[in-house]
K.L.:
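Sending over a structure as structure tokens; questions will come in a sec.
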Amino acid sequence: MAVVSKKIPAPDKVKIRTALLSVSDKADIIELATVLSKLGVKLLSTGGTAKAIAEAGLAVTDVSDVTNFPEIMDGRVKTLHPNVHGGLLAIRDDADHVEAMKAHGIEAIDLSVINLYPFEEVRAKGGDYPTTVENIDIGGPAMIRASAKNHAYVTVVTDPSDYPALVEALQADDGQTSYALRQRFAAKAYARTAAYDAVISNWFAEALAIETPDYRAIGGVLKEKMRYGENPHQSAGFYLTGEKRPGVATATLLQGKQLSYNNINDTDAAYELVAEFLPENAPAVAIIKHANPCGVATGPTLAEAYRRALACDSVSAFGGVIALNRTLDAETAEEIVKLFTEVIIAPDVTEEAKSIIARKPNLRLLTAGGLPDPRAAGLTAKTVSGGLLVQSRDNGMVEDLELKVVTKRVPTAQELEDMKFAFKIAKHVKSNAVIYAKDGQTAGIGAGQMSRVDSARIAAQKAVDAAKALGLTEPLTRGSAVASEAFYPFADGLLAAIAAGATAVIQPGGSMRDQDVIDAANEHNVAMVFTGMRHFRH
């Protein structure tokens with residue numbers, strides 16, 4: 001049964017007379033306490049916060065003196081008391097509430113400054129189970145929620161970045177806060193506890209191997225408000241979930257203007273793709289446009305890998321995003337600045353390369369400090385009307401699969417390498433996806449078509465166009481391996497690839513018409529392997 005409001009109007013201004021300060025992150029707390037003290041505000045505090053305030057020479061009352069009960073159980077119980085929560089929740093203009101406060105000796109608390117145990121940090125650092133559990137804050141969220149509910153009378157601050165706004169308001173208005181400010185802080189407070197609980201609940205699901213919990217919460221912290229979303233009429237913000245996965249979310253922007261919504265989306269796609277190629281094996285470069293690769297290659301040097309990736313589709317690469325699996329060096333930087341590029345992301349960059357990129361001040365340069373682990377577990381999510389689709393990250397690796405040769409002809413060693421190369425890329429191309437590859441270089445990429453035949457033909461045509469641009473007598477699809485991210489439902493898609501010159505095929509298999517496809521491959525003396533794993537990407 002819903003609780004019925006007495007409809008007591010909220011006051012516009014509330015004088016701050018008593019403040020409760022209890023923070024895990026003590027950044028700037030002494031400065032704030034000093035301002036409050038000068039304004040004549042009585043300070044209440046707990047544990048380490050109270051100690052820090054007292055050591056700064058400020059008068060502070062320990063919460064245990066308010067509750068008449070000591071901290072117990074290693075600090076697990078200290079603020080969970082009616083003298084605290086009554087002081088936060090009391091409606092000052094409700095006669096019954098005022099009478100209850102008088103009867104029980106409860107003092108009103110007008111300001112609560114609270115931030116939480118560092119659960120996110122402990123989890124990110126891989127704390128063991130007991131340590132992680134111990135860093136679940138109980139009293140903090142309870143006080144935050146109580147304060148935020150009673151924002152008609154209580155100001156709640158959960159983020160040190162909001163201290164200046166609080167101080168400015170108090171100093172400008174004789175130690176008072178406005179209802180609008182209290183509303184804004186209350187909204188942020190509930191969002192903070194929601195995001196905090198989301199991290200905890202997802203940690204439990206992960207620790208207990210619960211793949212689809214009955215309730216799924218996903219929270220984030222705003223990193224930056226964006227100029228707009230996918231299109232100028234859409235608003236957008238970039239939120240961090242706290243996952244310590246090297247990439248665009250954790251990268252450092254060394255130069256260039258703020259990344260757009262589309263930049264971030266494309267940069268993430270590029271870096272996740274290039275991470276499929278271990279840097280100790282070979283330098284690798286991926287060039288992305290609209291979240292799809294237009295060229296991927298390995299090479300003896302990073303610069304050569306870039307040139308080979310660009311050769312696949314230099315037209316589409318214009319205005320694209322470039323991802324590297326090794327430190328960006330000067331030679332590669334010199335090649336990149338020849339073409340208009342939106343973003344470069346790499347694990348690191350040399351000083352010389354940095355100077356070269358600086359010639360293009362609008363070119364965004366990001367360093368991520370490492371590569372994301374393509375085998376690591378994780379979650380991905382997308383919204384639908386009224387719902388959220390959540391799944392585990394596609395961390396399947398072709399190196400971990402048992403490839404099954406299903407044709408009479410066995411692939412050569414080179415064909416097998418090209419198959420694996422192409423299938424790695426297929427995992428990162430929008431479905432339906434067809435990728436031709438030869439000698440560690442994409443020859444043609446067909447993405448996002450409703451028909452697999454169309455994807456095969458588009459990729460083949462791109463290879464023809466690239467050959468003309470390079471002055472080659474024939475496209476690189478001649479003698480190439482072709483990868484399909486899902487099975488061929490009919491032989492027509494395979495026949496289109498064979499017509500383009502493919503001599504080896506890698507696909508998941510599993511179609512009712514697999515035998516028809518195998519027969520077509522045998523008829524054309526084409527080698528084909530099944531992976532048993534599909535890589536749809538929508």
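Count residues from 1 along the sequence.
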K.L.:
Answer with yes or no whether the side chains of Q414 and D418 bring together a donor and an acceptor at under 3.5 Å.
P.N.:
yes
K.L.:
Determine whether R76 and I138 make a side-chain contact, defined as any pair of heavy atoms from C-beta on separated by less than 4.5 Å.
P.N.:
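No. Closest side-chain heavy atoms not under 4.5 Å.
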K.L.:
Do the non-hydrogen side-chain atoms of I144 and S112 ever get within less than 4.5 Å of each other?
P.N.:
no
K.L.:
Is there a side-chain contact between D400 and R375 in this structure, where contact means two heavy atoms from C-beta onward sitting under 4.5 Å apart?
P.N.:
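Yes, close enough: below the 4.5 Å cut-off.
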K.L.:
Applying salt bridge (Lys or Arg N to Asp or Glu O under 4.0 Å), can you list everything that pairs with E211, at least two apart in sequence or on another chain?
P.N.:
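So E211 forms no salt bridge (Lys or Arg N to Asp or Glu O under 4.0 Å) with any residue.
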K.L.:
Is any side-chain heavy atom of L36 less than 4.5 Å from a side-chain heavy atom of L21?
P.N.:
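Result yes, sub-4.5 Å side-chain heavy-atom pair found.
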K.L.:
What I want to check is whether the side chains of S161 and D159 have a donor and an acceptor closer together than 3.5 Å.
P.N.:
yes
K.L.:
Strictly below 4.0 Å, N to O, side chains only: are E276 and K427 in salt-bridge contact?
P.N.:
yes
K.L.:
Using salt bridge (Lys or Arg N to Asp or Glu O under 4.0 Å) as the criterion, list what pairs up with D173, not counting sequence neighbours.
P.N.:
K13
K.L.:
For A236, which residues count as a side chain to side chain contact (heavy atoms under 4.5 Å, CB included) partner, sequence neighbours excluded?
P.N.:
M226, Y261
K.L.:
Please check if the number of heavy atoms outside K38 that lie under 6.0 Å from its NZ is greater than 12.
P.N.:
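No, NZ of K38 has 12 or fewer neighbouring heavy atoms, counting only those of other groups under 6.0 Å.
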K.L.:
Give a yes or no on whether the backbone of A275 and the side-chain of N325 come within a donor-acceptor separation of less than 3.5 Å.
P.N.:
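Absent.
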K.L.:
List, one per line, each side-chain donor-acceptor pair under 3.5 Å for residues 334-349, sequence neighbours excluded.
P.N.:
from	atom 1	to	atom 2	distance (Å)
E334	OE1	R359	NH1	3.1
E334	OE2	R359	NH2	2.9
E335	OE2	R307	NH1	3.1
E335	OE2	K338	NZ	3.2
T341	OG1	L339	O	3.3
E342	OE1	R364	NH1	2.7

K.L.:
Is there side-chain contact between F421 and T298, with at least one heavy-atom pair below 4.5 Å?
P.N.:
yes
K.L.:
Looking at K244, I want to see if its NZ is surrounded by more than 12 non-hydrogen atoms of other residues, nucleotides or ligands under 6.0 Å.
P.N.:
no
K.L.:
Would you check, one step at a time, whether the test side-chain contact (heavy atoms from CB on, under 4.5 Å) holds for T531 with L403?
P.N.:
CA-CA 5 Å; T531 66; L403 303 183; 3.8 Å; yes
K.L.:
Does R216 CZ have over 12 foreign heavy atoms under 6.0 Å away?
P.N.:
yes
K.L.:
Is the shortest side-chain heavy-atom distance between N115 and S24 below 4.5 Å?
P.N.:
yes
K.L.:
Between the main-chain N or O of T301 and the side-chain N or O of E304, is there a donor-acceptor pair closer than 3.5 Å?
P.N.:
no
K.L.:
Hey, does the side chain of R534 reach the backbone of A486 with a donor-acceptor pair shorter than 3.5 angstrom?
P.N.:
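Side chain of R534 to backbone of A486: no pair is present.
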K.L.:
Are the side chains of K462 and C312 in touch, meaning some heavy atoms are under 4.5 Å apart?
P.N.:
no
K.L.:
Relative to the ring of Y196, is the ring of F119 parallel (under 30°), tilted (30 to 60°) or perpendicular (over 60°)?
P.N.:
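The rings of F119 and Y196 stand perpendicular, inter-plane angle above 60°.
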K.L.:
Under a 4.0 Å threshold between the charged nitrogen and the carboxylate oxygen, would E120 count as salt-bridged to R192?
P.N.:
yes
K.L.:
Taking atom CD as the centre, does E168 end up with more than 12 heavy-atom neighbours from other residues, nucleotides or ligands that are less than 6.0 angstrom away?
P.N.:
no
K.L.:
Please name all residues satisfying salt bridge (Lys or Arg N to Asp or Glu O under 4.0 Å) with D214, sequence neighbours left out, ordered by chain then number.
P.N.:
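Residues passing salt bridge (Lys or Arg N to Asp or Glu O under 4.0 Å) with D214: none at all.
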K.L.:
I'd like to know whether NZ of K188 has more than 12 heavy-atom contacts from other residues, nucleotides or ligands below 6.0 angstrom.
P.N.:
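Correct, the count exceeds 12.
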K.L.:
Can you sort out the partners of T350 under side chain to side chain contact (heavy atoms under 4.5 Å, CB included), two or more places apart, ordered by chain and number?
P.N.:
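Only T327, E352, A353 meet the side chain to side chain contact (heavy atoms under 4.5 Å, CB included) criterion with T350.
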K.L.:
Does K289 come within less than 4.0 Å of D313, counting only side-chain N to carboxylate O?
P.N.:
no
K.L.:
State, yes or no, whether a side-chain contact exists between L371 and F277 at a heavy-atom distance under 4.5 Å.
P.N.:
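With C-beta onward as the side chain, the pair stays apart.
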K.L.:
Evaluate side-chain contact (heavy atoms from CB on, under 4.5 Å) for T252 paired with L366, printing each intermediate quantity in order.
P.N.:
CA-CA 5 Å; T252 300; L366 296 165; over 6 Å; no
K.L.:
Is it the case that the side chain of H151 and the backbone of A148 share a donor-acceptor pair, with hydrogens and angles ignored and the cut-off at 3.5 Å?
P.N.:
yes
K.L.:
CZ/R145 to CG/D197 distance, rounded to the nearest 0.5 angstrom?
P.N.:
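Those atoms lie 7.5 Å apart.
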K.L.:
Check step by step if side-chain contact (heavy atoms from CB on, under 4.5 Å) holds for F185 and V154.
P.N.:
CA-CA 10 Å; F185 282 164; V154 179; over 6 Å; no
